[in-house]
Amino acid sequence: MSSINTGKTAFRPMAICCALFFILGFITWANGTLIPFLKIACNLETDLQAFFVTFASYIAYFFLALPSSWILKKIGFKNGLVVSLIILGLGSLIFIPAADQRSYGLFLTGIFIQGSGMALLQTAVNPYLSIIGPIDSAAQRISIAGVFNKTAGIIVPIVFGSLFLKDAEKVTEKLNATTDLVAKNVILDDLLQRVHTPYIALAIIFVLFAIFIKFTYLPEVDVDAEEEVSQDDTVIHSSQKTSVTQFPHLFLGAFAIFFCVAVEVMAGDIIGVYGRELNVNTFFVTYATAFTLGCMLLGYAIGIITIPRFVTQQMALRICTLVGILFTLISVFTTGTTSFIFVALLGVANSLMWPAIFPLGIKGLGRFTKTGSAIMIMGIAGGAIWPLVYGYLKDNLGIDFQHAFLYAMVPAYLYILYFATAGHKVGQKRA
């Protein structure tokens with residue numbers, strides 16, 4: 001398939017992929033801090049309104065993934081990475097006028113543009129990471145890159161939490177105690193000034209890294225070459241296929257990604273709102289996302305050690321879904337700090353899902369890999385839809401927040417379990 005896929009993983013492409021996963025993690029998991037920050041700063045009335053932060057970020061994947069595939073076919077993986085970083089920089093700069101105008105709509109626009117850049121970046125980097133080494137250890141490579149992704153996710157709520165949510169309770173008390181509109185606007189304007197420096201810095205970093213990649217050698221992977229893949233007593237001959245629609249396991253995998261990202265976002269971004277409802281200590285609420293992602297790092301470490309030496313990608317996926325269901329049940333039927341801890345522990349359960357699902361979904365696609373990768377990336381829209389489902393259950397149907405969490409999480413895990421046991425085999429020929 002590729003000059004670099006000779007049974008070993010190429011170091012330089014792997015290192016750059018890890019750096020890109022760090023960037024993806026930093027921007028993605030910033031949402032966990034932006035949700036409570038923008039709820040205060042933009043004077044939003046409900047959690048459901050604030051959850052449009054995640055909607056704007058993740059829905060971009062649905063609309064931009066297939067166009068991203070077309071762009072990659074035209075300009076290649078490397079140039080796709082460069083363009084995606086420039087788009088990320090542009091989205092970051094839009095935060096500056098959004099803060100100056102105190103415009104929630106403009107913030108969402110910036111977040112959507114960042115999501116567009118991440119859609120192109122994800123569409124390029126995930127198949128590249130899957131293909132730069134043996135396919136059977138793709139989950140291990142994605143787990144290693146995931147360590148960088150989730151490390152960024154731990155850092156960003158600490159950094160942004162300290163910058164954006166510093167004295168958040170005092171600011172909220174001042175706003176509630178102030179009846180004068182002019183005084184209230186002054187408080188909100190001062191709060192939003194905190195956005196300027198970090199997002200200007202991010203824009204500069206993204207552009208500099210784009211320049212670095214442009215002038216660094218990265219081998220192109222020939223995903224258009226025909227391939228034959230044998231795994232789990234199944235064989236796919238991509239040369240016999242004339243359309244990407246002839247790979248049903250791909251579309252089932254995209255739905256698995258939809259629910260995988262849904263449960264990741266519920267445990268990583270919504271945990272702060274959940275913790276506030278539980279009335280846990282403010283420290284836990286401020287750095288809630290970091291707790292979940294710390295648990296995801298633990299799960300990645302387990303995956304790096306065990307896959308594929310002790311367990312297959314599919315078995316790891318089955319175990320993770322069952323653990324996810326168990327921890328969800330415990331979190332719903334306990335209270336206070338115990339409930340919060342088990343939401344954070346869902347990070348362990350969620351950690352190996354993406355690394356296992358993605359290579360299973362694009363397995364055997366051959367010349368359809370870029371398009372198939374884009375279809376898989378479209379599934380990231382689960383992160384846009386599921387928080388709104390949770391918010392609607394909680395705010396509009398009158399279901400208490402814990403049972404709403406239960407109704408949102410368990411069906412998602414059950415579908416992932418189906419894909420892990422049977423869905424990834426659909427449409428494949430027996431050897």
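As a basis for the values below, the full set of heavy atoms in this structure was taken, side chains included, without hydrogen atoms, waters or symmetry mates.
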Enquirer: Taking atom types as modelled and ignoring hydrogens, do the side chains of Asn79 and Lys214 form a donor-acceptor contact shorter than 3.5 angstrom?
Expert: yes
Enquirer: Enter the distance from Phe112:CZ to Phe55:CZ here, rounded to the nearest 0.5 Å.
Expert: 9.0 Å
Enquirer: Given Tyr274, which of Phe401, Phe342, Phe284 fulfils the ring pair (Phe, Tyr, Trp, His ring centres under 6.0 Å) condition?
Expert: Phe401
Enquirer: Determine whether the side chains of Asp395 and Tyr390 contain a donor N or O and an acceptor N or O closer than 3.5 Å.
Expert: no
Enquirer: Distance check, rounded to the nearest 0.5 Å: Ile416 atom CD1 versus Ile357 atom CD1?
Expert: 5.0 Å
Enquirer: Flag the pair Phe255 / Phe251 as yes when their ring centroid distance falls below 6.0 Å, and as no otherwise.
Expert: no
Enquirer: To check you understand the geometry: which heavy-atom pair defines the closest contact between Ile362 and Met376, and what is its length?
Expert: CG2-CG, 3.9 Å
Enquirer: Would you confirm whether Ser84, through its side chain, and Leu120, through its main-chain N or O, come within 3.5 Å as a donor-acceptor pair?
Expert: no
Enquirer: Is Phe160 atom CZ crowded by more than 12 heavy atoms from other residues, nucleotides or ligands, each under 6.0 Å away?
Expert: yes
Enquirer: I need the Leu38 CG to Phe52 CZ distance, nearest 0.5 Å.
Expert: 14.0 Å
Enquirer: Would you check if the side chain of Ser162 reaches a backbone N or O of Ile158 as a donor-acceptor pair within less than 3.5 Å?
Expert: yes
Enquirer: Without hydrogens or angle criteria, can the side chains of Arg102 and Asn185 be said to hold a donor-acceptor pair below 3.5 Å?
Expert: yes
Enquirer: Quick one: does any side-chain atom of His424 pair with a main-chain N or O of Phe419 as donor and acceptor, under 3.5 Å?
Expert: yes
Enquirer: Would you say the side-chain atoms of Ser373 pair up with the backbone N or O of Thr123, donor to acceptor, closer than 3.5 Å?
Expert: yes
Enquirer: Treating Gln402 as the side-chain partner and Ser331 as the backbone partner, does any N or O pair qualify as donor plus acceptor under 3.5 Å?
Expert: yes
Enquirer: Are Phe368 and Phe247 near enough that their ring centres are under 6.0 Å apart?
Expert: yes
Enquirer: What are the two closest heavy atoms between Val285 and Gly272, and how far apart are they?
Expert: CG1-O, 3.7 Å
Enquirer: Would a distance-only check, ignoring hydrogens and angles, find a side-chain to backbone donor-acceptor pair under 3.5 Å from Trp386 to Ala408?
Expert: yes
Enquirer: Which atom names give the shortest non-hydrogen contact between Ala41 and Leu192, and what distance separates them?
Expert: CB-CD2, 3.6 Å
Enquirer: Determine the interplanar angle of the Tyr418 and Tyr415 rings, folded into 0 to 90°, and report it as parallel if under 30°, tilted if 30 to 60°, perpendicular if over 60°.
Expert: tilted
Enquirer: Are the aromatic rings of Phe212 and Phe209 close, with centres under 6.0 Å apart?
Expert: yes
Enquirer: Ignoring hydrogens and geometry, is there a side-chain-to-backbone donor-acceptor pair from Thr289 to Gly268 under 3.5 Å?
Expert: yes
Enquirer: I'd like to know whether Trp29 forms a side-chain contact (heavy atoms from CB on, under 4.5 Å) with Asn149, so could you lay out the CA-CA distance, the side-chain angles of the two residues, the decisive distance to 0.1 Å, and finally the verdict.
Expert: CA-CA 9 Å; Trp29 298 108; Asn149 182 278; 3.5 Å; yes
Enquirer: Run the side-chain contact (heavy atoms from CB on, under 4.5 Å) test on Cys18 and Ile144 for me, step by step, so that the C-alpha distance in whole Å, both residues' side-chain angles and the decisive distance to 0.1 Å come before the verdict.
Expert: CA-CA 8 Å; Cys18 288; Ile144 293 171; 4.2 Å; yes
Enquirer: Per the side chain to side chain contact (heavy atoms under 4.5 Å, CB included) rule, which among Phe327, Phe291, Phe340 passes with Leu345?
Expert: Phe327
Enquirer: For the side chain of Thr28 and the backbone of Gly25, is there at least one donor-acceptor N/O pair under 3.5 Å apart?
Expert: no
Enquirer: I'd like to know if the side chain of Gln49 reaches the main chain of Glu45, judged simply by a donor and an acceptor atom lying under 3.5 Å from each other, with no hydrogens or angles considered.
Expert: yes
Enquirer: Does the pair Leu326 and Leu322 meet the rule for a side-chain contact (heavy atoms from CB on, under 4.5 Å), with working shown?
Expert: CA-CA 6 Å; Leu326 176 63; Leu322 293 172; over 6 Å; no
Enquirer: Dump the intermediate steps for salt bridge (charged side-chain N to carboxylate O under 4.0 Å, His left out) on Asp47 and Arg276, then the final yes or no.
Expert: CA-CA 11 Å; Asp47 288 336; Arg276 193 170 65 243; 3.0 Å; yes
Enquirer: I want to know whether Phe95 and Tyr199 have ring centres closer than 6.0 Å.
Expert: yes
Enquirer: Hey, could you give me the CG/CD distance between Leu293 and Glu264, rounded to the nearest 0.5 Å?
Expert: 8.5 Å
Enquirer: Would you say the side-chain atoms of Asn350 pair up with the backbone N or O of Leu346, donor to acceptor, closer than 3.5 Å?
Expert: yes
